[in-house]
Amino acid sequence: METYLSKVEHFSKVFNQTSKRHNSISLLRLLSIFFVLFMLFYYIKTNEIGYVVTAFLSFAGFLFLMRIHSKLSFKRELTKAILKINEDEISYLKREKLPFENGIEFNDFHHPYAYDLDIFGEHSLFQNLNRTATFIGKKTLADKLLSLSSNEIILENQEAIDELKRKIDWRQDFEALAIVSTDSKSSYDSLIHWISFKNNPLSKVLISLSIILPALFFGFVTAYFITSKAIFLSYATYIFIFNLIVLGRSFKRIQSEIAKADNIDKTIKHYSLLVQKIELEKFESKKLIALQKQLVSKNVSASSHLKQLSELFSRMDTISNLVTAIVFNGSFLFNLHVLKALLKWKDDYAHELENWINIIGEFEALNSLANLAFNNADFVFPEINTEYKIGFENLSHPLLNPATRVGNDTHFYPESFMILTGSNMSGKSTFLRSLGINMVLGGIGSVVCASKANIHPLPVLVSMRLSDSLADSESYFFAEIKRLKQIMDALEERPAFVLLDEILRGTNSDDKRNGTIEVVKKVIAKKAIGAIATHDIEVCLTTNEYPETLTNQCFEVEIKNNELHFDYKLRSGICKNKSATFLMQKMGVI
């Protein structure tokens, strides 16, 4: 918190200073234009050459001030973005608001755990983690949260995240650049469309004309100025018209190449700045160095290639300006030359462009996870094993208030599957979600909400909170059966970490009990690790049949001074106390 407060104080001063300079330059720029007009007026009035010289120098000053103004505008934008980044972090840590995008567009109700564990949506894991500002950054972070990485990648991510955690200035500069880019899905899609769109190469005749015709035009113009013979000017005029005809024949080709590419030059320019930020930084971790090395093609940095592409698209925009298009293309087929350069760039680098953009997304996703580690110094990177051992000390849910959350020690060895009992509101579901969320985080290389952790990364399969699939005309019960079938099918392929919460709620007690017992037997037969929460004591007795695999754990509730008291501490054994009857009597329900 102190770091963010200090940064807010610093960048508030920087922003005010930059704004003052920006406003001063704006005023000077305006005055310089008035001065140019004033000097030209006096030149017309007096015909003294000194006024023209002064006007010229004033105009040069105006252009110089324009450049300074542009740089100050960009610096002010960046400073404002960094200021907001730190203000948002302060508000977040104070739990005043959650000012980050929630990624609801990535939610998948058929995913093994996305909906059950609240990965996306309001107050979700994604919204708490997300510090991305580009579409590819959001998508990369979402993809990470929906999949399990290999052990090698997990360890590489841990090293990279640990390094980025300490680079808070670099992370915030990178995030600010991404914010001012105002990137969107449509911008990203436009660029991907351009990469994938394949056109036939320009004909040799057209390429030859693009060289010969401008050369003839300027040759005739030069001849006219040298000889003052009108015939050369006539020839130049014919060439000018013929150039426009040639361009007209190529107009559809140009339009097809830049279709759906509105403002794409600005998007690419900001991508180049983000890539340059990566290129110029010194990294130590294996993954970040490897990503950085991919940003070189043909001994030239990716940022330079991207700047070149941005400039080409910017030049191509001149075709939409009628006057500019006629003058430039009539004289030297400007847009045809730009098209040639654009097609050559695509041939040379299009196959690498998507990878460069993906690297931006990878850094944004890793920065988000590094921010989680920075904000939670008590979180740890789990040790990784290959022995199907999973254990946590002081495990809790990472989104709970650190001032009030209660941690628990739990392990899944030698017994690998837990039958969890407890009264309503005692903490069973929160504990299951804590297990699931931390297994997801551990499986992508992030820190986890525990003081110590040792895990064998496994796919996470959950049946906790299904909704009626009305669109598919499914009842809750049938949706749950389908989820259980999905879990069983996944377990056929490989062991997984399974979390089940009060399954088969849509049937009678005997059917539910027998079905639950059979589900437990089947998942442990398939070498699943995990836990099931239940209120049925007879389900707990299954541990007598499988004492080496199953264990009973519980959350108890106490009645103190005629009030329910939950301590949310995990205990061995079966829950003995009940809260439902007491609560209904207390509230006058029964």
Task: Working for ring pair (Phe, Tyr, Trp, His ring centres under 6.0 Å), residues Phe363 and Phe283 - done: CA-CA 12 Å; Phe363 266 90; Phe283 296 111; 5.5 Å; yes
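- Once rounded to the nearest 0.5 Å, the distance linking NZ of Lys71 with NE2 of His22 reads 14.5 Å.
- Remark: His337 NE2 is packed, more than 12 non-hydrogen atoms of other residues, nucleotides or ligands lying under 6.0 Å away.
- With rounding to the nearest 0.5 angstrom, the CG atom of Leu395 is 9.5 Å from the OG atom of Ser451.
- Considering only heavy atoms from C-beta on, Ile90 comes within 4.5 Å of Leu5 through its side chain.
- To the nearest 0.5 Å, the span separating CG on Leu432 from CG on Asp501 amounts to 5.5 Å.
- For the residue pair Thr410 / Asn408, no side-chain donor-acceptor distance below 3.5 Å is found, with atom types taken as modelled.
- The residues Lys452 and Glu383 are annotated as not salt-bridged, no charged nitrogen and carboxylate oxygen being separated by less than 4.0 angstrom.
- Taking the six-membered ring where the residue is Trp, Phe100 and Tyr92 present perpendicular rings, their angle passing 60° and hence far from 30°.
- Between Arg315 and Asp265 there is no salt bridge, since none of the side-chain N atoms of the basic residue sits less than 4.0 Å from a carboxylate O of the acidic one.
- Between Asp347 and Lys344 there is no salt bridge, since no side-chain N of the basic residue sits under 4.0 Å from a carboxylate O of the acidic one.
- Residue Arg95 qualifies as enclosed at atom CZ: its count of foreign heavy atoms under 6.0 Å is above 12.
- Side-chain contact check for Glu122 and Asn102: at least one donor-acceptor pair (N or O, by modelled atom type) lies under 3.5 Å.
- Under a cut-off of 6.0 angstrom, the local environment of CZ in Phe38 is sparse, with at most 12 non-hydrogen atoms contributed by other residues, nucleotides or ligands.
- For Lys569, the NZ atom counts as densely surrounded, since its 6.0 Å shell holds more than 12 non-hydrogen atoms of other residues, nucleotides or ligands.
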TODO: Show your reasoning for whether side-chain contact (heavy atoms from CB on, under 4.5 Å) applies to Ser32 and Leu28.
DONE: CA-CA 6 Å; Ser32 65; Leu28 287 173; over 6 Å; no
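- Using a cut-off of 4.0 Å between Lys/Arg side-chain N and Asp/Glu carboxylate O, Asp169 and Lys277 are scored as not salt-bridged.
- Taking the side chain as every heavy atom from C-beta outward, Arg405 and Cys449 approach each other to under 4.5 Å.
- Rounded to the nearest 0.5 Å, atoms CD (Glu281) and CZ (Phe174) are 11.0 Å apart.
- Lys167 has no carboxylate O lying under 4.0 Å from a charged side-chain N of Glu284, or vice versa, which leaves the two without a salt bridge.
- Side chains of Tyr349 and Ser297 form a contact here, defined as non-hydrogen atoms less than 4.5 Å apart.
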Open item on the list: Show, in sequence, the C-alpha distance, side-chain angles and deciding distance for Trp345 and Phe313, and conclude whether the ring pair (Phe, Tyr, Trp, His ring centres under 6.0 Å) test is met.
Closed with: CA-CA 11 Å; Trp345 196 102; Phe313 271 109; 8.6 Å; no
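- Glu159 and Lys287 are not joined by a salt bridge, as no carboxylate oxygen comes within less than 4.0 angstrom of a charged side-chain nitrogen.
- Glu393 is not listed as a side-chain neighbour of His411, based on a closest heavy-atom distance of 4.5 Å or more.
- For the side-chain contact (heavy atoms from CB on, under 4.5 Å) criterion with Leu273, the lone passing option out of Val180, Leu177, Leu78 is Leu177.
- Lys7 places none of its side-chain heavy atoms less than 4.5 Å from the side chain of Ile82.
- A donor-acceptor pair is defined here as one N or O able to donate and one able to accept, closer than 3.5 Å; no such pair exists between the side chain of Asp162 and the backbone of Gln158.
- Within the 4.5 Å cutoff, the side chain of Glu175 has no heavy atoms near those of the Asn367 side chain.
- The pair Asp88-Lys84 meets the salt-bridge criterion, with a side-chain N (NZ, NE, NH1 or NH2) lying under 4.0 Å from an Asp/Glu carboxylate O.
- Partner of Arg171 under the side-chain contact (heavy atoms from CB on, under 4.5 Å) criterion, chosen from Leu366, Leu164, Ile85: Leu164.
- A 4.5 Å side-chain heavy-atom check between Phe120 and Leu146 finds at least one atom pair inside the cut-off.
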Task: Pair Asp118-Leu125, side-chain contact (heavy atoms from CB on, under 4.5 Å): steps then yes or no - done: CA-CA 7 Å; Asp118 298 312; Leu125 177 65; over 6 Å; no
Task: Test side-chain hydrogen bond (donor to acceptor under 3.5 Å, both in side chains) applied to Asp409 and Asn394, step by step - done: CA-CA 5 Å; Asp409 296 349; Asn394 199 31; over 6 Å; no
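- Enclosure of atom NZ in Lys307 by more than 12 non-hydrogen atoms of other residues, nucleotides or ligands within 6.0 angstrom is indicated.
- Pro398 has its side chain within reach of Leu441: a pair of non-hydrogen atoms, C-beta onward, lies under 4.5 Å apart.
- To the nearest 0.5 angstrom, Leu499 atom CG is 7.0 Å from Leu117 atom CG.
- Between Phe566 and Phe555, the gap from one ring centroid to the other reaches at least 6.0 Å.
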Task: Pair Ile359-Gln294, side-chain contact (heavy atoms from CB on, under 4.5 Å): steps then yes or no - done: CA-CA 9 Å; Ile359 289 172; Gln294 293 178 45; 3.6 Å; yes
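- Using a 4.0 Å cut-off between charged side-chain N and carboxylate O, Arg131 and Glu89 make a salt bridge.
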Open item on the list: For a side-chain contact (heavy atoms from CB on, under 4.5 Å) check, start with the C-alpha distance between Val36 and Phe62, then their side-chain angles and the critical distance, and finish with the verdict.
Closed with: CA-CA 9 Å; Val36 169; Phe62 168 76; 5.6 Å; no
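- Test Ser303, Ser304, Ser272 against Glu279 for side-chain hydrogen bond (donor to acceptor under 3.5 Å, both in side chains) and you get one pass: Ser303.
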Task: Criterion side-chain hydrogen bond (donor to acceptor under 3.5 Å, both in side chains) on Ser26 and His69, from CA distance to verdict - done: CA-CA 7 Å; Ser26 296; His69 184 267; 2.9 Å; yes
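- With 3.5 Å as the limit, one finds no donor-acceptor pair spanning the side chains of Ser301 and Gln276.
- Within 6.0 Å of atom NZ in Lys139, 12 or fewer heavy atoms from other residues, nucleotides or ligands are found, so the atom counts as exposed in its surroundings.
- A donor-acceptor pair shorter than 3.5 Å cannot be found between the side chains of Ser73 and Ser70.
- Applying the 6.0 Å contact sphere to CZ of Arg29 captures more than 12 heavy atoms from other residues, nucleotides or ligands.
- Using cut-offs of 30° and 60° on the angle between ring planes, the pair Phe412 and Phe497 is perpendicular.
- The distance from the NE2 atom of His111 to the OH atom of Tyr113 is 4.5 Å, given to the nearest 0.5 Å.
- Below 30°, between 30° and 60°, or above 60°: for Phe106 and Phe126 the angle between ring planes is between 30° and 60°, a tilted geometry.
- Counting non-hydrogen atoms of neighbouring residues, nucleotides and ligands closer than 6.0 angstrom, the NZ atom of Lys340 exceeds 12 such neighbours.
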